[in-house]
Colleague: 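I have a structure I would like to understand better, so I am pasting it below and will then ask my questions one at a time.
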Amino acid sequence: RTPGSDVDTTVVVPGVEFDRVEDERDFRQTTLRRLRQSLHEGNVVVHDMVLETRMPLLKAELACGTAVDISVLNRRGARKSSLVQAHFRRAPVLRQTVFLMKLWAKSWGLYGQVAGYPSGLAFACLVIFVAQRMAPALAPVLDPGAVEAHCAPPGPCSPEPAAAELLAEVFAFYASAFTVDTEVVSIRRGGGIRVLPGAVLSIEDPVEPAVDLASPYLDLARSQRLLGAMADAAALCREGRWDELFGRGC
């Protein structure tokens, strides 16, 4: 992991179902309050409890110093993680390429919704989408509803020499082969035309298709900056200037 990385985890309660959204929210909030008290007695430091959001969270820190966001019954979030892991299992090079893509975005100041840029899931979708569009395709189109609801944690990541080559392909694709005005990044379909044309990058949430993982956080200037940085990164890859790719700010 890189400095600043965090862990997202959710509490699974088998057999618990709710007919009303309000009842499910109350259950999540009550569970987090109880969990907060229990964590205080262990080696986990709870920094904040955020209850009035779409998905209530405990923001905490593990004994090793890693930040962790704890939710309750985040089924959709778990399925998104399972879908990404399913792609990683089929093509292990994707895992390391996504890691490199996120490392690049962080080093160039282009990462995270708080900063107005895509999240880790969105960057994973950017990589998987390119792998789906390659000939022959490196990644298949998977039905999000057909993957396991909860997946086992990934094992150790072995070095993948092809990751650098695939990363260069990703940058080149968004620099020259992707039309931001008319296309949407959709790993659920392996392609797609935007319902409404727009100049800001659009990345479809593979589990909640009505949710855009990019445009709510990007404005036109940040979208252009991100795509322009990908074009710059593509040039650095072509010239073999890897130290600048991961060591410079934008």
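The chain is numbered in sequence order, starting from 1.
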Colleague: Give a yes or no on this: more than 12 heavy atoms of other residues, nucleotides or ligands lie within 6.0 Å of atom CZ of Arg194.
Modeller: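 Yes, because the 6.0 Å sphere around CZ of Arg194 holds more than 12 heavy atoms from other groups.
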Colleague: Any side-chain heavy atom of Ile70 sitting closer than 4.5 Å to one from Val7?
Modeller: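 Side-chain contact under 4.5 Å: no.
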Colleague: One thing to verify: whether Arg28 and Glu24 come together as a salt bridge, which I'm taking to mean a side-chain N less than 4.0 angstrom from a carboxylate O.
Modeller: yes
Colleague: Is the backbone N or O of Val184 less than 3.5 Å from a side-chain atom of Glu204, with the two atoms forming a donor-acceptor pair by type?
Modeller: no
Colleague: Would you call Pro56 and Val72 a side-chain contact if the rule is heavy atoms closer than 4.5 Å?
Modeller: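 No, their side chains stay 4.5 Å or more apart.
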Colleague: So, do Ser215 and Asp212 sit near enough that their side-chain heavy atoms are less than 4.5 Å apart?
Modeller: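 Yes, close enough: below the 4.5 Å cut-off.
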Colleague: Compare all side-chain heavy atoms of Leu245 with those of Cys237 and state whether any distance is below 4.5 angstrom.
Modeller: yes
Colleague: To the nearest 0.5 angstrom, please state how far the CZ atom of Phe18 sits from the CG atom of Asp26.
Modeller: 8.5 Å
Colleague: Do the side chains of Arg25 and Glu52 get close enough for a salt bridge, i.e. N-O under 4.0 angstrom?
Modeller: no
Colleague: State whether the number of non-hydrogen atoms from other residues, nucleotides or ligands found under 6.0 Å of Asp19 atom CG is greater than 12.
Modeller: no
Colleague: Among Trp242, Phe246, Tyr111, Phe171, whose ring-ring contact (aromatic ring centres under 6.0 Å, His included) with Trp104 holds?
Modeller: Phe171
Colleague: Look at the rings of Phe129 and Phe173 and say which category their plane angle falls in: under 30° parallel, 30 to 60° tilted, over 60° perpendicular.
Modeller: perpendicular
Colleague: Evaluate the side-chain proximity of Thr9 to Asn74: yes if any heavy-atom separation is below 4.5 Å, no if none is.
Modeller: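 No - every pair of side-chain heavy atoms lies 4.5 Å or more apart.
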Colleague: Quick one: which of Asp8, Asp69, Asp48 gives a salt bridge (Lys or Arg N to Asp or Glu O under 4.0 Å) with Lys59?
Modeller: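 Testing Lys59 for a salt bridge (Lys or Arg N to Asp or Glu O under 4.0 Å) against Asp8, Asp69, Asp48 leaves exactly one candidate, Asp69.
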Colleague: For the residue pair Thr10 and Ser71, confirm or rule out a side-chain donor-acceptor distance under 3.5 Å.
Modeller: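 Side chains of Thr10 and Ser71: pair found under 3.5 Å.
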Colleague: Does Phe123 reach the side chain of Ile203, with side-chain heavy atoms less than 4.5 Å apart?
Modeller: no
Colleague: With rounding to the nearest 0.5 Å, note down the distance linking CG in Leu167 to CE in Met101.
Modeller: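 It is 7.0 Å, given to the nearest 0.5 Å.
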Colleague: If you measure only the distance, is there a donor-acceptor pair under 3.5 Å linking the side chains of Arg222 and Tyr217?
Modeller: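 Result is no, nothing qualifies.
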Colleague: Taking the side chain as C-beta and beyond, is there a heavy-atom pair between Gln85 and Glu148 under 4.5 Å?
Modeller: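 No. Closest side-chain heavy atoms not under 4.5 Å.
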Colleague: Which is it for Glu208 and Arg188 under the salt bridge (charged side-chain N to carboxylate O under 4.0 Å, His left out) test, yes or no, and what are the steps along the way?
Modeller: CA-CA 10 Å; Glu208 301 176 86; Arg188 183 178 60 92; over 6 Å; no
Colleague: Mark yes when over 12 heavy atoms from residues, nucleotides or ligands other than Glu165 sit less than 6.0 Å from its CD; otherwise mark no.
Modeller: no
Colleague: Any non-hydrogen side-chain atom of Val46 less than 4.5 Å from a side-chain atom of Glu61?
Modeller: no
Colleague: When you measure from the side chain of Thr66 to the backbone N and O of Leu62, does any donor-acceptor pair fall under 3.5 Å?
Modeller: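 Checked: no pair found.
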